[in-house]
Amino acid sequence: MAILTLNNLGQAFGGFDVFTGLYGSVEPGAKIGMVGPNGIGKTTLLLILAGLAEPSHGGFTLSQGVRMGYLRQEAMQAFNELDNTVFEEMMGVFDEVRAMEVRMRELEDCMATGDTTDALLEEYGEMQHQFELRDGYIYEVSIKQTLEGLGFKPQHWELPLRHLSGGQKTRALLARLLLEKPDLLILDEPTNHLDVEALEWLETRLRAWDGALLIVSHDRYFLDKTVNTIWEMSRTGIESYRGNYSAYLKQREERYERSAALYQQEKERLEKELDYVKRNIVRASTNAMAVGRLRRLSRDLIAIRSVGIVAFRESKSWSQLAEQLDVGHARPMGVMEAEQELKALQPPNSRPPKLNFNLKTTLRSGDLVMRGRDLRIGYPDAPLFTSDDIVLERGERVALIGGNGTGKTTFLRTITQQIKPLVGEIDLGASLKVGYFAQAHEDLLPENTVMDELIRHQHMNISQARQILGQYLFRQEDVFKKVGDLSGGERGKLAMAILGTHGANFLLLDEPTNHLDIQAQEILQEVLEKFPGTVLLVTHDRYLVDKLATQIWNLEKGHLQIFQGNYEEFLAARDKQTMTEQKAAAVAKKEAKAAAAATSVPKGQKNQKNKGVATLEQQISEMEAVLERLNQDLQNAQKSDEIWKLSEQFATSQSKLDALVAEWSAMAEMG
């Protein structure tokens, strides 16, 4: 049974319909990603579902007892009236569990003094069972893991909530929602304020999420890793696709082709019907038949006018559709009117307008594009990183990845010879023409119009400029907009249009997908896949890296590591290394705790009356078996996703074991 159902939901502002006719349902445990063009109303829909806005018509039903959690895209107003610290706010999620913990300590004190009755033991056993079900033994561990996973360092935990930045408030709200574990978790752009490490942690957490998810995100890689259904939202409905984002792309393309084929087939059928009517309506012997077929043709055309030719063709019940549209009482068309209606039919507008450009080279570079030796990059008073030796050949597509502030943009400026390496040298190959896409687009003049700015960088006539800008969706009066008035996405498209006129064969791209919606990201990916030159890409867009890169240059801890291989291979190698280190640390920690427990609790000492100790010993044994199994699975794991998931399970299980051992030690000492 669905926990959330949309029923003809719509929202309008004045005479403008943001969206209308939305139907859909969320089943328990569903993981849904919602996509659609910017401005289509995705955030507005989420606000309605969260009870923060009212629809203009239609509605939705939330099943009784379902707990919903909602993360707004920006949470600037969250926690404004609270004096809690970050950690205190997270602890508040477990107030009931903490009350149970206090009562359990009271019962344990009674048992330790010998005041033990069957009723007391029964109460303790039931409370211990509920305490375990509510994660009572690990709630503090869960809080710490969640805060650390979302990028809150221990020194941030005691910060007052009201003093947090907007991004920190958003992450704190997300942390609380994850700890609350609502039945339906709605997330609006949850990746906005997270670095790659936090994103990977969140993806693992959401993959194991027991409840339902409804996520709006422009992060295609995030959607690929977290959802199993895609809702594509348009002005007039929601189209549902099974699978993750990559599966949606394939199915969407199939739907486009199928819609085009259905349109053509149905139009040909209608044209044949009209041709029959025109040839036979003037004959006395066939007039009645022709009039009847014209009447049916009229009903079909009226229905198509209302729902579209594809929806009409896919309708399972003509009688139900006719009743719904009340076409039975419509006035039949004449022959000329039917012919005009048929000529006016438009193909299905299933494909939204798209960027239509390519990046061409005017010169073939040499085989060696770039070489770097003994490099130290940065500034005299602020060195940033050293590097493996670099050999970059023509046709390679490199992704330069790393945290903010590690020096990625500085490295691009070094390659373009705006600054020099502190140590070593960078040699560029022969016949090289470099094109640089700057993240901030600082070389664009804000007072120029879009057209003037394009012509300033590449001389051409107005007709040529209009043609190029049209490929980037600058049409009609858009070409006369001031650069300073453009949105971030529009500025990015203009910068890409300028880059496309240079004929470069070595592209340096600094965050080219910033501010682009998913459709524009897809087109850019397609263009770069076809680009015949060499690409060095700085980006946080992991989907683009995953589909494009043949090398990974990882900038971390003051060093640039060159990895020969694609993104999945890089992740697998990195996670294998991380797990080896974590396993060694876990073994050492386990041995230290076992030694400490052996000295504090004499062998064989047990309080037979205290069933809690015996239960904990059984749980410890079971958890040790779980860790051993996970260890074996990790040794056999090959794929990055599998390694990462097992790694998270291993860390969580180790934390549970630590908590159980600590609890056992405390109770055994009381015995």
Engineer: Quick one: does Leu187's side chain get under 4.5 Å of Leu214's, heavy atoms only?
Structural biologist: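 Side-chain contact under 4.5 Å: no.
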Engineer: For a quick test of reading the model, state the closest non-hydrogen atom pair linking Gly243 to Ala247 and the distance between them.
Structural biologist: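 Distance-wise, the nearest heavy atoms are CA-CB, 4.0 Å.
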Engineer: How many angstroms lie between atom CD1 of Ile426 and atom CD1 of Ile377, to the nearest 0.5 angstrom?
Structural biologist: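 Taking CD1 in Ile426 and CD1 in Ile377, the distance rounds to 4.5 Å.
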Engineer: Does the Gln251 side chain pair with the main chain of Tyr241, one donor and one acceptor, at a distance under 3.5 Å?
Structural biologist: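 No; zero donor-acceptor contacts below 3.5 Å.
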Engineer: Any luck finding a side-chain donor-acceptor pair between His218 and Glu189 under 3.5 Å?
Structural biologist: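 Note: His218 and Glu189 side chains meet the donor-acceptor criterion.
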Engineer: Is it the case that the side chains of Trp201 and Glu203 hold a donor-acceptor pair, with the cut-off being a distance below 3.5 Å and no angle test?
Structural biologist: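 Absent: no donor and acceptor within the cut-off.
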Engineer: Apply the test side-chain contact (heavy atoms from CB on, under 4.5 Å) to residues Thr229 and Arg242: give CA-CA distance (whole Å), side-chain angles for both, the deciding distance (0.1 Å), then the verdict.
Structural biologist: CA-CA 5 Å; Thr229 301; Arg242 296 182 61 181; 5.6 Å; no
Engineer: Ignoring hydrogens and angles, tell me if any N or O in the side chain of Lys433 forms a donor-acceptor pair with the backbone of Phe506 under 3.5 Å.
Structural biologist: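 No; judged by distance alone, with no hydrogens or angles, the pair does not exist.
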Engineer: For Gly395, is there any backbone N or O sitting under 3.5 Å from a side-chain donor or acceptor partner on Thr534?
Structural biologist: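 A pair under 3.5 Å: yes.
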Engineer: With no hydrogens and no angle check, is any side-chain donor or acceptor of Arg397 less than 3.5 Å from a backbone partner on Leu548?
Structural biologist: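 Looks like yes, one N/O pair under 3.5 Å.
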Engineer: Leu444 and Arg456: which non-hydrogen atoms are nearest, and at how many Å?
Structural biologist: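 Closest pair (atom of Leu444, atom of Arg456, distance): CA-NH2, 4.5 Å.
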Engineer: Within a strict 4.5 Å, meaning less than it, do heavy atoms of the Leu536 and Leu412 side chains meet?
Structural biologist: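 With C-beta onward as the side chain, the pair touches.
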Engineer: Would Leu494 and Glu453 count as a side-chain contact (heavy atoms from CB on, under 4.5 Å) if you check the C-alpha gap in whole Å, the side-chain angles of each, and the deciding distance to 0.1 Å?
Structural biologist: CA-CA 9 Å; Leu494 175 57; Glu453 188 63 14; 4.2 Å; yes
Engineer: Check for a donor-acceptor pair, side chain of Lys408 on one end and backbone N or O of Gly403 on the other, with a separation under 3.5 Å.
Structural biologist: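 Pair found, side chain donor or acceptor close to backbone of Gly403.
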Engineer: Side chain of Thr362, backbone of Gly503: donor and acceptor closer than 3.5 Å?
Structural biologist: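 It does hold such a pair.
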Engineer: Does a side-chain heavy-atom distance below 4.5 Å link Leu508 with Val535?
Structural biologist: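 The answer is no; the side chains never approach within 4.5 Å.
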Engineer: Given Tyr70 and Leu177, is the side-chain contact (heavy atoms from CB on, under 4.5 Å) satisfied, shown in steps?
Structural biologist: CA-CA 8 Å; Tyr70 172 51; Leu177 288 170; 5.9 Å; no
Engineer: Would you confirm whether Lys31, through its side chain, and Ile215, through its main-chain N or O, come within 3.5 Å as a donor-acceptor pair?
Structural biologist: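 Between the backbone of Ile215 and the side chain of Lys31 there is no qualifying donor-acceptor contact (under 3.5 Å).
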Engineer: Might you work through the side-chain hydrogen bond (donor to acceptor under 3.5 Å, both in side chains) test for Gln521 and Gln525, ending with a clear yes or no?
Structural biologist: CA-CA 6 Å; Gln521 293 172 27; Gln525 174 191 321; over 6 Å; no
Engineer: Flag the pair Glu254 and Arg258 as a salt bridge only when some basic side-chain nitrogen lies within less than 4.0 angstrom of an acidic carboxylate oxygen.
Structural biologist: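 No salt bridge links Glu254 with Arg258.
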Engineer: Less than 4.0 Å between a side-chain N and a carboxylate O, is that true for Arg371 and Glu425?
Structural biologist: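 Not counted as a salt bridge, because no side-chain N and carboxylate O are separated by less than 4.0 Å.
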Engineer: Between Arg542 and Asp219 (salt bridge meaning N to carboxylate O under 4.0 Å), is one present in this structure?
Structural biologist: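 Asp219 and Arg542: salt-bridged.
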Engineer: Ignoring hydrogens and geometry, is there a side-chain-to-backbone donor-acceptor pair from Gln168 to Ser165 under 3.5 Å?
Structural biologist: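 Checked: pair present.
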Engineer: Once you measure the plane-to-plane angle for Phe563 and Phe570, does it fall in the parallel (<30°), tilted (30-60°) or perpendicular (>60°) bin?
Structural biologist: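 Aromatic pair Phe563/Phe570 classed perpendicular.
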Engineer: What pair of heavy atoms forms the shortest contact from Ser246 to Tyr543, and how long is it?
Structural biologist: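 What the structure gives for the nearest pair is OG-OH, 2.9 Å.
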Engineer: Are more than 12 heavy atoms from other residues, nucleotides or ligands located less than 6.0 Å from atom CD of Gln418?
Structural biologist: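 For Gln418, atom CD is crowded (more than 12 foreign heavy atoms under 6.0 Å).
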Engineer: Quick one: pull up CZ in Arg235 and CZ in Phe19 and give me the separation to the nearest 0.5 Å.
Structural biologist: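 That separation rounds to 9.5 Å.
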Engineer: Can you list the residues that meet the side chain to side chain donor-acceptor pair (under 3.5 Å) rule with Lys360, with sequence neighbours excluded?
Structural biologist: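 Not a single residue meets the side chain to side chain donor-acceptor pair (under 3.5 Å) criterion with Lys360.
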Engineer: Output the distance between atom CD1 (Ile462) and atom CG (Leu454), rounded to the nearest 0.5 Å.
Structural biologist: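 Ile462 CD1 to Leu454 CG: 11.5 Å, rounded to 0.5 Å.
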Engineer: Identify which one of Glu569, Glu200, Glu568 satisfies the salt bridge (Lys or Arg N to Asp or Glu O under 4.0 Å) criterion when paired with Arg574.
Structural biologist: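 Passing option: Glu200.
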Engineer: Return the minimal non-hydrogen interatomic distance between Val35 and Ser217, and the atom names on each side.
Structural biologist: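 Of all heavy-atom pairs spanning Val35 and Ser217, the closest is CG1-O, 4.5 Å.
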Engineer: Can you check side-chain hydrogen bond (donor to acceptor under 3.5 Å, both in side chains) on His559 and Asn554, steps first, answer last?
Structural biologist: CA-CA 8 Å; His559 186 76; Asn554 182 38; over 6 Å; no
Engineer: Under 3.5 Å, is there a donor-acceptor pair linking the side chains of Gln471 and Gln467?
Structural biologist: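 Short answer, no.
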Engineer: Name all residues meeting the side chain to side chain donor-acceptor pair (under 3.5 Å) criterion together with Glu522; count only those two or more places apart in sequence or in a different chain, and write none if there are none.
Structural biologist: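 For Glu522 the side chain to side chain donor-acceptor pair (under 3.5 Å) partners, ignoring immediate neighbours, are Tyr245, Arg252.
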Engineer: When you compare the side chain of Leu47 with that of Asp188, does any pair of heavy atoms fall below 4.5 Å?
Structural biologist: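 Result no, sub-4.5 Å side-chain heavy-atom pair not found.
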Engineer: Between atom NZ of Lys530 and atom CG of Leu528, what is the distance when rounded to the nearest 0.5 Å?
Structural biologist: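 That separation rounds to 11.5 Å.
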Engineer: I'd like to know if the side chain of Thr449 and the backbone of Asp452 have a donor-acceptor N/O pair within less than 3.5 Å.
Structural biologist: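 Side chain of Thr449 to backbone of Asp452: a pair is present.
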Engineer: Can you find a heavy atom in the side chain of Leu375 that is under 4.5 Å from one in the side chain of Leu560?
Structural biologist: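 A side-chain contact under 4.5 Å is absent here.
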Engineer: What do the steps show when you test Glu511 against His540 for side-chain hydrogen bond (donor to acceptor under 3.5 Å, both in side chains), and what is the final call?
Structural biologist: CA-CA 7 Å; Glu511 298 292 355; His540 288 90; 2.6 Å; yes
Engineer: In Å and rounded to the nearest 0.5 Å, what is the OG1 to NZ distance from Thr146 to Lys144?
Structural biologist: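 Output value for this atom pair is 12.0 Å.
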Engineer: Which atom pair, heavy atoms only, marks the closest approach of Arg413 to Tyr436?
Structural biologist: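 In this case the closest contact between Arg413 and Tyr436 is CG-OH, 4.3 Å.
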Engineer: Compare all side-chain heavy atoms of Leu194 with those of Leu202 and state whether any distance is below 4.5 angstrom.
Structural biologist: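 Contact flag for Leu194/Leu202 side chains = yes.
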Engineer: So do Leu206 and Phe222 actually touch side chain to side chain, heavy atoms under 4.5 Å?
Structural biologist: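 Yes - at least one pair of side-chain heavy atoms lies under 4.5 Å apart.
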Engineer: Using the rule given for side-chain contact (heavy atoms from CB on, under 4.5 Å), can you reason through Leu46 versus Met34, listing the C-alpha separation, both sets of side-chain angles and the distance that settles it, and then say yes or no?
Structural biologist: CA-CA 10 Å; Leu46 298 192; Met34 186 158 62; 3.8 Å; yes
Engineer: Once rounded to the nearest 0.5 Å, what's the spacing between atom CD1 of Ile32 and atom CH2 of Trp231?
Structural biologist: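 Output value for this atom pair is 4.5 Å.
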Engineer: State, yes or no, whether a side-chain contact exists between Leu185 and Leu213 at a heavy-atom distance under 4.5 Å.
Structural biologist: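 SC-SC contact between Leu185 and Leu213 confirmed.
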Engineer: Could you report the tightest heavy-atom contact between Leu432 and Gly429, atom names first, then the distance?
Structural biologist: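 Minimum heavy-atom separation between Leu432 and Gly429: CB-O, 3.6 Å.
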Engineer: What do you reckon, is CD of Gln155 surrounded by more than 12 foreign heavy atoms closer than 6.0 Å?
Structural biologist: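 Atom CD in Gln155 is packed in, count exceeds 12.
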Engineer: Please check if the side chain of Glu490 supplies one atom and the backbone of Ser487 the other of a donor-acceptor pair under 3.5 Å.
Structural biologist: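 Yes: the side chain of Glu490 pairs with the backbone of Ser487.
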Engineer: Would you check if there is a donor-acceptor pair between the side chains of Thr550 and Glu396 at a distance under 3.5 Å?
Structural biologist: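 On atom types as modelled, these side chains qualify, holding a pair under 3.5 Å.
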